[in-house]
Amino acid sequence: MGHGGHAIGEHTTAKFLGYTFNMDTIYMTWLAMAIVIVITVLAVRRIETVPRGWQNLFEMAVETIGGQVDSTIGPNSRKVAPLLITLFMFLLVSNWLGLVPGFTSPTNDLNTTLGLALMIIGFVHVLGLANKGFVGHFGHFFKPHPLFLPINIVEEIARPITLSFRLFGNIIAGEILIILIAALLPIWFEPAVGVIWLTFSVIVGIIQAFIFTMLSTSYLSNSLKDEHH
Amino acid sequence: MVELNPTLFAQIINFLILLYILKKFVFGRVMQAMSDRQARIAGNLEVADRERSAAEELKREYQEQLAQARTQAQAIVEKATKLAEQAKDDIVKEARAEHARLLKEAQEEIARERERAVADIRNEVVALSIAAAGKVIGQNLDAKANAKLVSDFINKLDAQKIGGIQ
């Protein structure tokens with residue numbers, strides 16, 4: 001189970017306009033983006049009434065995530081469904097990318113996961129303000145009682161942190177374990193455990209992408225629902 | 001190991017670019033295709049529903065017509081039977097009438113014949129009697145006065161008895 005060749009958690013950095021960027025993360029992100037784009041474009045290149053191949057797979061993802069989003073958010077879900085479906089596909093590809101020897105997951109960098117989480121929180125507030133107005137949107141900080149304001153603020157801060165650390169921790173732990181299995185186990189025992197752990201990581205990749213997407217959906221639903229806060 | 005730097009913003013921008021590309025080239029088409037398909041399936045189902053109810057309506061109509069045809073056939077058969085019955089009655093009645101008429105005619109004919117026969121016999125008897133009387137008396141009376149004499153004589157006899165000759 002070869003792995004990039006660099007230590008986990010350390011990134012190849014580059015300076016651009018005086019700012020430091022983790023170039024490996026960015027390259028892997030571009031790769032993940034490219035994969036998502038290629039798959040989806042392949043899927044819709046020749047749209048057929050009876051879906052086949054990539055189209056079928058893609059429509060399955062759209063149906064699954066779109067259905068969840070629809071049932072959570074309701075009539076306004078059309079506004080955010082593309083965002084959440086894209087998020088799911090991007091995270092899934094990113095999570096799985098680290099399982100390919102020589103590649104790393106963009107999601108093993110907190111910059112990615114926290115960035116996405118903050119972006120979601122940003123969408124929550126922008127959409128909330130647009131949908132409910134200032135009082136309507138920020139009013140929920142004072143519910144059920146103004147004394148709850150500090151707790152609500154802590155919750156608001158905790159959201160992007162928990163969202164990003166959950167994904168980051170799961171993915172980096174998976175990659176660390178892959179390296180540890182390769183490094184520590186005797187050579188005759190390594191493939192069996194490695195295969196088991198890889199299989200497990202594939203499932204973790206799906207689950208974490210799904211959890212991130214679903215939590216984002218539930219955060220967004222508060223800003224888009226008209227009733228019931 | 002966990003350090004934040006401007007990569008965070010780069011990642012947000014990367015994701016937004018991906019979202020933009022997918023929204024522009026993919027989602028419109030796939031959503032359109034899916035809603036088209038949904039509409040088509042719903043349309044097909046509706047058409048099937050409509051056609052099925054039309055078929056049921058047709059079936060009901062046919063059954064009604066069949067029942068009607070049966071009733072009509074029954075009525076026709078009944079009517080035909082009645083007509084035949086009536087025709088039979090008429091024929092029998094006519095035959096009876098004919099029979100009676102023929103019988104009556106025959107009887108009348110017979111009666112007429114008998115009367116004529118009686119008359120003939122009487123005339124014969126008169127002529128014979130006159131001839132006999134003429135011979136007996138040996139003188140020839142006026143034939144007309146003689147005939148009257150004998151005819152009166154015979155008329156005085158019991159008509160019933162003469163009728164019984166036959």
Side-chain angles (χ1 to χ4, degrees), chain A residues 7-11 13 16-26 29-30 32-34 36-37 39-41 43-45 47-51 55 58-59 62-63 66 78 81-83 85-87 89-91 106-107 109-119 122 164-165 168-169 172, chain B residues 1-70:
Chain A
I8 274 289
E10 276 178 23
H11 295 284
T13 58
F16 184 71
L17 296 176
Y19 296 111
T20 310
F21 291 97
N22 298 342
M23 290 320 286
D24 53 343
T25 304
I26 289 178
T29 304
W30 288 343
M33 285 163 68
V36 171
I37 289 168
I39 289 176
T40 51
V41 166
V44 299
R45 193 183 42 172
I47 287 221
E48 290 168 36
T49 312
V50 180
Q55 189 191 342
F58 179 52
E59 280 192 12
V62 171
E63 288 269 4
R78 292 232 140 203
L83 165 72
I85 294 165
T86 308
L87 184 67
M89 289 188 298
F90 174 71
L91 289 177
T107 39
D109 188 339
L110 190 60
N111 287 302
T112 308
T113 57
L114 188 59
L116 292 176
L118 287 173
M119 180 193 74
S164 57
F165 271 83
F168 165 72
I172 200 157
Chain B
M1 165 165 168
V2 178
E3 90 192 43
L4 293 172
N5 59 29
T7 311
L8 188 147
F9 301 104
Q11 293 297 74
I12 294 177
I13 291 163
N14 277 335
F15 181 80
L16 290 177
I17 291 170
L18 176 67
L19 179 60
Y20 174 78
I21 292 172
L22 291 195
K23 243 185 152 168
K24 188 155 174 139
F25 296 108
V26 174
F27 280 111
R29 296 189 60 188
V30 82
M31 297 288 189
Q32 185 65 40
M34 286 167 82
S35 66
D36 279 358
R37 183 182 317 140
Q38 202 174 8
R40 199 173 136 178
I41 290 170
N44 283 353
L45 283 178
E46 198 186 319
V47 167
D49 234 28
R50 225 176 19 231
E51 276 172 3
R52 199 186 53 199
S53 64
E56 263 165 21
E57 175 74 14
L58 211 61
K59 186 182 155 199
R60 208 176 51 74
E61 232 165 68
Y62 282 155
Q63 276 174 341
E64 228 164 66
Q65 282 177 358
L66 197 66
Q68 231 166 19
R70 267 201 198 118

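Reminder, nothing fancy here: chain letters follow the sequence lines and each chain counts from 1.
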Interchain contact, B:Leu18 with chain A, by part (heavy-atom threshold 4.5 Å): both
Member of A:Asn111, A:Thr107, A:Thr113 meeting the side-chain hydrogen bond (donor to acceptor under 3.5 Å, both in side chains) criterion with A:Asp109: A:Asn111
Check: A:Leu91 and A:Leu116 side chains under 4.5 Å, non-hydrogen atoms: yes
Separation of A:Asn22 CG from A:Asp24 CG (nearest 0.5 Å): 6.0 Å
Exercise: identify the closest heavy-atom pair between A:Thr29 and A:Phe90: CG2-CZ, 3.6 Å
Interchain contact, A:Leu87 with chain B, by part (heavy-atom threshold 4.5 Å): both
Contact winner vs chain B - A:Ile85, A:Leu110, A:Thr20, heavy-atom pairs under 4.5 Å: A:Thr20
B:Gln65 atom CD: more than 12 heavy-atom contacts under 6.0 Å: yes
Proximal to chain A - members of residues 45-64 of chain B, heavy-atom separation under 4.5 Å: none
Full working for side-chain contact (heavy atoms from CB on, under 4.5 Å) between B:Phe15 and A:Leu83: CA-CA 10 Å; B:Phe15 181 80; A:Leu83 165 72; 3.6 Å; yes
Which atoms of B:Leu19 approach chain A - backbone, side chain, both or neither, heavy atom under 4.5 Å: both
Chain B contact via A:Met89 - which portion, at a heavy-atom distance below 4.5 Å: side chain
From A:Ile37 atom CD1 to A:Trp30 atom CH2, the distance as rounded to the nearest 0.5 Å: 12.5 Å
Check: A:Phe58 and B:Val26 side chains under 4.5 Å, non-hydrogen atoms: yes
